[in-house]
There are 2 protein chains.
Amino acid sequence: MTDAAKQQVPIDEAVSGLPVPKTERGRRTLRALLDAAALEFGASGFHATGITDITRRAGVALGSFYTYFASKEDIFRALVTDLSAQVKAHVTPRVEEAPDALSREKAALGGYLDFVSQQQLIYRIIDEAEFVAPDAYQGHYRSTVARVTARLEAGAARGELKEGVGEVEAWAIAGMNVFLGLRYGVWGKDRDLAEVLARAHELVADGLRRR
Amino acid sequence: MTDAAKQQVPIDEAVSGLPVPKTERGRRTLRALLDAAALEFGASGFHATGITDITRRAGVALGSFYTYFASKEDIFRALVTDLSAQVKAHVTPRVEEAPDALSREKAALGGYLDFVSQQQLIYRIIDEAEFVAPDAYQGHYRSTVARVTARLEAGAARGELKEGVGEVEAWAIAGMNVFLGLRYGVWGKDRDLAEVLARAHELVADGLRRR
DNA sequence: CTGAAACATGAATCAAGATTCAACTTGAAA
DNA sequence: TTTCAAGTTGAATCTTGATTCATGTTTCAG
């Protein structure tokens with residue numbers, strides 16, 4: 001996570017599910033722990049990172065961890081929620097600028113690829129949640145897909161897309177995005193992302209377009 | 001894993017990377033350990049299952065485990081290779097029966113959805129490999145996608161698909177398949193798989209078809 | 001039959017690391 | 001100033017579970 005990214009992320013009870021510390025000092029410590037945990041979990045994975053790795057990086061004593069989190073899983077879950085919101089915050093504005101249904105899908109895929117290739121750590125954390133915090137993982141994808149579904153249905157209603165497109169297509173598109181991000185954003189940058197985006201979007205556009 | 005599935009899976013050094021035991025008794029024990037491990041890892045995940053869980057279910061003493069595997073990760077890796085071959089063995093014949101490029105893709109998706117919804121455990125094991133045995137995970141998807149790419153390029157050469165389809169489209173399709181399998185095969189069976197298949201395939205077919 | 005080689009056994013070892021806790025510090029309200 | 005809730009500290013505790021190993025037992029080629 002970049003310093004810039006850290007600035008943007010105030011503690012928010014509604015999002016993280018955590019009680020907000022009463023003092024400024026407490027909020028700073030909590031934020032330091034979350035940021036450190038993102039780096040450590042992202043780099044080493046859930047099981048390989050110790051609480052001490054997190055507190056060391058955060059510049060905080062071991063015991064302080066338990067002032068804010070009940071367990072290692074607890075902070076991981078909070079992180080997933082936090083990061084899920086970041087992905088959404090990165091993609092949504094780009095989508096909203098797009099003028100029609102097809103370009104909205106292109107903007108969404110482009111924004112996602114972009115984000116993932118810059119924040120590979122975040123990708124790994126959300127993905128590992130499938131096993132560490134399955135509820136948070138499902139929550140992330142269910143809400144992501146719900147947004148896609150809504151876009152597709154709106155596009156269909158407006159006559160820009162095939163009639164009947166909906167949830168199934170949304171899951172398909174989400175899976176596509178995730179795998180393309182994994183392959184071309186995380187595993188290797190051997191292809192120009194713009195080219196990947198163009199090719200993938202042609203597939204989707206021809207698949208969704210009203211015929 | 002069903003009993004039927006067990007029968008089909010002899011120990012094969014080339015696939016599993018393990019030395020084949022010299023005696024019949026040894027081969028039986030190794031197979032029992034692999035089958036037990038698939039059940040335990042699939043049900044509880046890598047970190048939550050202990051070696052004792054595996055040996056108990058296999059009906060074998062704790063120490064015997066280390067006659068066959070160097071570590072817990074070792075058996076997990078072998079399992080991924082083993083299961084990857086099973087997925088391929090389930091899907092390939094169906095694909096080969098199909099007469100043209102588009103129906104081959106439909107057969108592949110159908111076969112995969114079918115397999116995953118019956119063998120949810122296998123799905124989880126392969127997916128968890130992303131974190132436990134990243135090399136085996138990448139190997140599985142890279143070879144899966146290589147097969148898809150070859151199918152698409154053959155279809156394009158035959159004039160059945162758009163010109164230029166290839167690797168990017170193959171990763172997109174693979175991601176789609178995986179997410180649809182996860183959502184409709186593993187998380188919930190609230191939709192008829194045949195309907196999911198029909199809708200998803202329409203998306204892919206319109207996306208790939210020569211225009 | 002016989003002796004290796006292969007395989008089986010499970011109690012003991014050992015390290016790692018999550019969690020607890022009792023004493024201490026800070027800061028702001030009264 | 002005083003007080004107290006909020007926050008900080010890190011050594012000590014405690015559990016868990018992977019791995020080792022010394023001692024049997026089985027298999028099978030010769």
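Here is the naming used below: chain letters follow the sequence lines, and residue numbers restart at 1 for every chain. What you are looking at is a predicted structure, and each value in this text was computed from that prediction instead of being measured.
Residue A:Arg27 contributes atom CZ, which lies 12 Å from atom P of D:dT8 at whole-angstrom precision. Regarding A:His47, its NE2 atom lies at a distance of 11 Å from the P atom of C:dA18, rounded to whole Å. Between the CD atom of A:Glu24 and the C1' atom of D:dA5 there is a distance of 17 Å, rounded to whole Å. Taking atom CZ on B:Arg56 and atom P on C:dT9, their separation rounds to 15 Å, with Å as the unit. Summarising the geometry, the separation between CG on B:Asp74 and C1' on D:dT20 is reported as 16 Å, rounded to the nearest angstrom. Rounded to whole angstrom, the span from the NZ atom of B:Lys72 across to the C1' atom of D:dT16 amounts to 11 Å.
Picking from C:dT19, C:dC7, D:dT8 the nucleotide with the shortest atom distance to the side chain of B:Thr67 gives C:dC7.
At a cut-off of 3.5 Å, with distance as the only test, a side-chain donor of B:Glu167 or A:Tyr184 sits close to an acceptor on the other residue.
OP1 or OP2 of C:dC7 has not a single side-chain nitrogen or oxygen of B:Ser64 nearer than 4.0 Å. Contact annotation: A:Thr29 side-chain N/O to D:dT8 OP1/OP2 distance is under 4.0 Å. Proximity of A:Thr23 to the phosphate of D:dG7: a side-chain N or O atom is located under 4.0 Å from OP1 or OP2.
Looking at heavy-atom distances under 4.0 Å, A:Gly50 makes contact with sugar-phosphate atoms alone, never a base. Within the nucleic acid shown, B:Tyr68 comes within 4.0 Å of sugar-phosphate atoms alone, with no base atom in reach, counting heavy atoms only. Using a 4.0 Å heavy-atom criterion, one finds that B:Thr55 contacts no nucleic acid atom at all.
Taking the side chain as every heavy atom from C-beta outward, B:Phe76 and B:Phe69 never approach each other to under 4.5 Å.
Using a 4.0 Å cut-off between charged nitrogen and carboxylate oxygen, A:Asp190 and A:Arg183 count as a salt-bridge pair.
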